[in-house]
Amino acid sequence: MALLTVDGAQLNYGLQILLDKVDFVVERGQRWCLIGRNGAGKSSFMKVLTGEVTLDGGSVKVDRGVRVARLEQELPEADGRSVFDVVAEGLPGVGQLLARYYQLTEGAGQLSAEADAAASDAWVEELTRIQGELEALDGWALQQKVEAILTRLDLTGSAPMASLSGGWRRRVALAQALVVEPDILLMDEPTNHLDIAAIEWLEKALIAYSGALIFITHDRALLRSVATHIAELDRGHLRTWSGNYQSFLEYRERALAEEARHNELFDKKLAQEEVWIRQGIKARRTRNEGRVRALKDMRDERRERRVQQGNASFDLGKAGLSGKLVAELEGVSFAYGGRTIIDNFTTRIIRGDRIGLVGPNGAGKSTLLKLVLGELTPDSGKVKLGTNLSVAYFDQLRDQLDLNKSAVDNVSEGRDSIEINGRSKHVISYLSDFLFSGERARTPVRALSGGERNRVLLAKLFSKSANILVLDEPTNDLDVETLELLEEVLAQFDGTVLLVSHDRAFLNNLVSSVYALEGHGQVREYIGGYDDWLRQGGKWVEPGAAAGGGATQSATPSGNLQKPAVNKAKSSPEKKLSYKLQREFDALPSKIEKLEEQLETLQLQMAEPDFYSSPADQVDAHLRQVSDLQQQLDDCFERWAELEEQGA
């Protein structure tokens, strides 16, 4: 049975046609992923489905009794409201009563014995009134729903929104959408600002969700695992497909090829008719008059054709090469507010490294970046920076953008042209590479979509010469085509990339090693991308709430690369081992050295800029060899500890 039906929907914003007689049907259990280019109208279509935007034509019908909830793209305000208050707002009618009841009961402890009787009486009177209204509306059952969803998302109801990071505020927004137990859940970029552990939790929750789901996402891993149906908004038309994303890509390729073939035949016929009309009508016969009218219709059809938007095409401004050593950290520790963020971390970053930083929100990824770049001084340990470093920084909160200025003004910074690798481009031409028309480039940034704002920030970033790119969540809101191009450009960049991302596919496709922040200040380095980290024994910190919940517990992975150094001066345990075990123990130091040398050689090969440009089977074989050597090294260290314990 259809829960929601869209019939002949039409929606125009000025001259831009967002919906052109669109039909769409949603049934229970379907999980639709809505895809399309940035600015195609995906978020507007979501608002049409909830009734927030009125159609110019057509209709949206929601079946009787069907509950619809929407997770908005923007984060909730970081204000003085409590988490409980914000989540309760998702319950129409009773939410404000629950929020007020929660405030009163939380503030009960503040009524001291010395409080005047009038204040106490007023508190009791208001509490009694609200309790009565809640009982009449079955509010206690709804309160249990709020508390249950807070527990599921590991949120603390009394925490003020102002104290939460972006990731925790995203969880609060998700809780607000889920608390009403909707039959249709609409989600606009639900993974923005979530850490990978939360994304994986969300992925499992969405797969188990029994209602209908419509979501917009740039996270290809989430898209592939969750979506059962695909809807692509393209030039005002909605192309739908029942099946997974991979099969949709094959279908779309066939559909676009057929469209191109049809347009080619049409254009050829139109050209022939234009030649005929210029030769003059030889006789005013009816069939010739009909041919003239047909030509006029063909001209109108060609004029109204909406050509598919091209792909973005951009390049990086490259500074001169940095020194071979970019940064070296030795025994670095850093604490803030009594909490250890980084504890005794040692690493070396070489030119051409592409390093991904992963960890829960609030674990200290930004702090580690600032330590690496010399912006923070460690409490202990040493940081040595290389020479000729030129850094360009991408900010996930887009604080570098002035929302009241246009894309042109934000990027040009008073210049008429942008110089990229010795070639000068007019700023409008430069922005066209990022898919901005002249009109769109002059539009204030606050009127642009989230994806368009991200492209403005990328344009601003890439207009500066740099040999180190620091990217903090660069994938948020980008369409898949632009995201894949960004991957390609970064893979060809011969400088150093430091990347903070919760996009698992992006990490797998780009980085050569991972710094995992695994709790209690522990930072460990792993070779390869996100999946390689998992294969090497990496584990997520069990989600506490940090700012939003309880204490965080960490799980120690088994595949770390930073083992304690072997004490080579100690040739044997104090106690006597058997002859065979003693020989095995004595041989371990040289075996470990040999493995470490082999591993270092392979890691240096992986650090070469063109390593990931090699054939995929060669790259996979190399990564498997690294993983095998790492496992052998881990086994040697474990055996060393075991024999040492036996001889102790």
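Just so you know, these numbers come straight off a predicted model, no measurement behind them.
Expressed to the nearest 0.5 Å, how far CD of Q246 lies from CD1 of I230 amounts to 10.5 Å. Rounded to the nearest 0.5 Å, atoms CZ (R31) and CG (L206) are 8.0 Å apart. Note: T240 OG1 to L233 CG = 12.0 Å, rounded to the nearest 0.5 Å. Considering CG of D20 and NE2 of H237, their distance stands at 4.5 Å, rounded to 0.5 Å. Note that the CD atom of E232 and the CZ atom of R37 stand 8.5 Å from one another [nearest 0.5 Å]. Considering OG of S512 and CG of D532, their distance stands at 10.5 Å, rounded to 0.5 Å.
Closest heavy-atom contact between M46 and F215: CE-CA, 3.9 Å. Of all the heavy atoms in V511 and G528, the pair that sits closest is CG2-O, 3.8 Å. For the residue pair V456 and A407, the shortest heavy atom distance occurs at CG2-CB, 3.7 Å. Residue P444 comes nearest to N404 through the heavy atom pair CB-O, 4.2 Å, listed as atom of the first residue, atom of the second, then distance. Between S43 and I216, the shortest heavy-atom contact is N-CD1, 4.0 Å. Closest non-hydrogen pair, I341 versus A363, comes out as CG2-O, 3.8 Å.
At least one side-chain heavy atom of M187 sits under 4.5 Å from a side-chain heavy atom of L213. Using a 4.5 Å heavy-atom cutoff, the side chains of V68 and L49 are not in contact. Contact check for F506 versus L486: side-chain heavy atoms found under the 4.5 Å cut-off. Looking at L357 and L499, their side chains never come closer than 4.5 Å, going by heavy atoms from C-beta outward. Here the side chains of V445 and S406 are not in contact, with every heavy-atom distance at 4.5 Å or above. Using a 4.5 Å heavy-atom cutoff, the side chains of T217 and C33 are in contact. Two residues are said to be in side-chain contact when any heavy atoms from C-beta on lie closer than 4.5 Å; L4 and I184 meet this criterion. Put simply, the side chain of I355 does not reach to within 4.5 Å of the side chain of V497, judged on heavy atoms.
For the pair Q176 (side chain) and V86 (backbone), a donor-acceptor distance under 3.5 Å is present. In this structure, D56 contributes its side chain and N12 its backbone to a donor-acceptor pair below 3.5 Å. Looking only at distances, a side-chain donor or acceptor of T443 sits under 3.5 Å from a matching main-chain atom of E439. With hydrogens and angles disregarded, a donor-acceptor distance shorter than 3.5 Å links the side chain of K42 to the backbone of G36. A distance-only check finds no donor-acceptor pair linking the side chain of Q30 to the backbone of H229 [under 3.5 Å]. Under a 3.5 Å cut-off, the side chain of N508 and the backbone N or O of Y530 do form a donor-acceptor pair. Proximity of a side-chain donor or acceptor of S247 to a complementary backbone N or O of G243 within less than 3.5 Å is not detected. Panel note: side chain D63, backbone V66; no donor-acceptor pair is recorded below 3.5 Å. For the pair K365 (side chain) and P360 (backbone), a donor-acceptor distance under 3.5 Å is present. Side chain of T156 to backbone of A159: no donor-acceptor contact under 3.5 angstrom is found.
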- request: Could you give me the CA-CA distance, side-chain angles and deciding distance for E52 and K47, then say whether salt bridge (charged side-chain N to carboxylate O under 4.0 Å, His left out) is met?
  value: CA-CA 5 Å; E52 296 174 58; K47 293 176 181 178; 5.7 Å; no
task: With side-chain contact (heavy atoms from CB on, under 4.5 Å) as the test, would you mind laying out the steps for D23 and V6 before giving the verdict?
output: CA-CA 5 Å; D23 297 325; V6 178; 5.9 Å; no
- prompt: For I196 and L507, what are the C-alpha separation, side-chain angles and deciding distance, and is it a side-chain contact (heavy atoms from CB on, under 4.5 Å)?
  reply: CA-CA 11 Å; I196 300 181; L507 288 167; 3.9 Å; yes
- request: Apply side-chain contact (heavy atoms from CB on, under 4.5 Å) to the pair D472 and V470, showing each step before the final yes or no.
  value: CA-CA 7 Å; D472 192 354; V470 181; 5.9 Å; no
Derivation and outcome, side-chain contact (heavy atoms from CB on, under 4.5 Å), residues L178 and V180: CA-CA 6 Å; L178 291 175; V180 73; over 6 Å; no
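Sorted by first and then second residue, the salt bridge (charged side-chain N to carboxylate O under 4.0 Å, His left out) pairs with a member in residues 212-229 read D219-R504, R220-E487; sequence neighbours excluded.
Remark: R81 engages E89 in a salt bridge, criterion side-chain N to carboxylate O under 4.0 Å. Contact check on R235 versus E259 returns a salt bridge, with a Lys/Arg side-chain nitrogen under 4.0 Å from an Asp/Glu carboxylate oxygen.
Checked by atom type, the side-chain pair D402/N410 shows no donor-acceptor distance below 3.5 Å. A donor atom on one side chain and an acceptor atom on the other are not found under 3.5 Å apart for D7 and S59.
Y245 and F248 have parallel rings, their planes meeting at less than 30° on a 0 to 90° scale where 60° marks the start of perpendicular.
Less than 6.0 angstrom separates the ring centroid of F45 from the ring centroid of F24.
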